[in-house]
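Remember, predicted model here, so these are calculated numbers, not experimental data. Per chain, numbering begins at 1; letters A, B, ... match sequence-line order.
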Protein chains: 2
Amino acid sequence: MVVTLKEVAERAGVSRSAVSRTFTDGASVSDKMRRKVEKAARDLGYSPNALASSLTTGRTKLIGLVSNNFHNPIFLQVFDQFTKGLQERDLRPLLVNLSSETNPEASVRMLRQYSVDGVVVASSTLPPLFAKAFREADIPVVHSFGRSSSAPEVHVVGIDNVECGRMAARELVRRGYKRVGFMGGPEAATSTQDRFTGFMSEMAAHKEIQTSYSFAQAYSYQAGRREMLRLLKTTPAEAYFCGDDVLSIGALSAIDDSAYSCPQDIGIIGLNDMEMAQWESINLTTIHQPIREIINSSIELMVAMLDTPNRYPEARIFPCSVIERGTLRPAP
Amino acid sequence: MVVTLKEVAERAGVSRSAVSRTFTDGASVSDKMRRKVEKAARDLGYSPNALASSLTTGRTKLIGLVSNNFHNPIFLQVFDQFTKGLQERDLRPLLVNLSSETNPEASVRMLRQYSVDGVVVASSTLPPLFAKAFREADIPVVHSFGRSSSAPEVHVVGIDNVECGRMAARELVRRGYKRVGFMGGPEAATSTQDRFTGFMSEMAAHKEIQTSYSFAQAYSYQAGRREMLRLLKTTPAEAYFCGDDVLSIGALSAIDDSAYSCPQDIGIIGLNDMEMAQWESINLTTIHQPIREIINSSIELMVAMLDTPNRYPEARIFPCSVIERGTLRPAP
DNA sequence: AATCGTTTTGCAACCGGTTGCAAAACCTCC
DNA sequence: GGAGGTTTTGCAACCGGTTGCAAAACGATT
């Protein structure tokens, strides 16, 4: 059925090593030999078994791509770019869906069984614990969109969520809002916590501004809508920093359905700058997260780690910026 | 570094076969032996190498998940469900991004090199040719969201796009529209072609209704918006069947920006019933595609094929239905 | 033609498992 | 305690490759 090295060797009348060598670059083979082998391989339709070779080389070129964000539209772009980028570098993404997992144990075991060369954890909500579990199993790991830290235990590529919280707060202050609110994603997510910390720390410097906060159940449209509907039952703030864009869009829909309107009565600023944020009907003012750069950098880091597994862990933090659209009133 | 069978065997003072058997279910091992081995394995932190074993068993439990739809939000749900479903059955998805590929050659070779047990092609736009290429390489394949056919050459799970086209046409007729339009996705996509065929064939029975058609460049918001803006420059139809929901949403945004309004002046019916279609601010009338069922069925079929590789190809077609929301005017 | 250095080749062991087969161990029954 | 049947175990070969090493082939030089 499937053609093996041995058969090619027999047909070409050479040793198995010779065949192996023609398919390993950097190996010593004469031109004559190479031609003979390639001919036989072509005739038989041979292509080497990557897994068998991984046994001796210790390299599978498989990269575990681990995530639990299968509901946030930005992750489609994330998967698109990761898969493309890995493929371009001759690496294969083994996708792991962690949506329902609460401990890393099983995934670590599974990815070890498949001898992945490395793991990319792509999630802004998973605790650092997950990435660490891979490191402890001696699997090179980079945590994309992970919690930044000045003393990271694993490689982290992402943004400074605390700073983003501050940035949002500064933007609301600058626009002259007097009552502002933080409407976070799920409280357990590290990104929520950090954005919250940043937002509140900046607001602490503005005692004259009344600041409130609450958390939605998830980073989702419905959760954002529900939470905003709840807030609208009493006197809402004049502007909210929402945990992310999809949450913001949910909140906007709630405002649309109410007696209030955006940005006249209530302002919204989101975070991510996902594609939909620029849809004309949404037109969301938001903080841009440089997703493309984060992913490229993650891949580069991964590739580097394959050569130098014990690289000293580093945090690569990319700056964010406010994208002004139509959901905040102009500065006075 | 990584613990092997041999080390466990030595520590337990038994043969390598014994260790292998304790980790293979259905193999003959005494309780005493099993306990001894499991203890040693636990002490050493052993877990078997799935790839090494695949060499002899011929099973990798890897499933190629091939797609080129990394821009349509419904595919996030598709990936979510496929990965979950495969994982639950102890299969591992190897993700392949075909966005920029035009021929199946390279992917087939790659997936063969990794000895995948099967391939799921998840795409409504790839030509049947792609799925066939895998079959010809003797890899079990199911084409999810593929073009249905009464004489399929590979397993296909999806909807009857021709019938969907008819269904949309009937719906517009029923509502009493006198000038209707088909605004398709990219003309090369099989789903576009079939929906077009169905739509036009139904309209052919209604000569009194004026029917026009055009195609957008992609299944995307921007493409839909651009195409609708173009249509609005001359006299638009009273209602359009748009290639899919994301296209519809783009079209809606164009209408919003124009002097017309939806559903008063122009009606829209989409296809897919993606999550956003029910967002309050969108509220799109659309044809529901039973994605969940299609994926579950695809996975079941895949699993069945792993046991019976030469199953006779079948097409599993799921019925669709119109979901009435707010973008078509009521029937007179 | 012999010598020497370099390149190419094949042998054989190995990577981490599985499995058919025969021997060993265990049970049951008389 | 021994015969006969069943279960468990280990041996050794194998899966499809890679690779260190030494022998073979080659090429240049004298």
Worksheet entry | Sugar-phosphate or base contact per nucleotide [nucleotides 9-19 of chain C; S, B, -; heavy atom under 4.0 Å] | BBBB--BBBBB

Practice prompt. Could you pull out the closest heavy-atom pair between B:Val3 and B:Gly45, with the gap in Å?
Written response: CG2-O, 4.1 Å

Fill in: Atom of A:His155, atom of A:Tyr312 and distance for their closest heavy-atom approach
CE1-O, 3.4 Å

Discussion item. Using every non-hydrogen atom in the two residues, find where A:Arg311 and A:Ala304 come nearest and quote the distance to one decimal.
Written reply: NH1-CB, 3.6 Å

Discussion item. Any heavy-atom pair between the side chains of A:Val66 and A:Phe134 that's under 4.5 Å?
Written reply: yes

Worksheet entry | A:Phe79/A:Phe70 aromatic ring centres below 6.0 Å | yes

Worksheet item: Are A:Tyr46 and A:Phe23 close enough that their ring centers fall under 6.0 Å?
Response: yes

Worksheet item: Under the salt bridge (Lys or Arg N to Asp or Glu O under 4.0 Å) test, which residues partner A:Lys132, sequence neighbours left out?
Response: A:Glu153

Worksheet entry | Rounded (10°) bend between the five-pair end axes of the helix from C:dA1-D:dT30 to C:dC30-D:dG1 | 40°

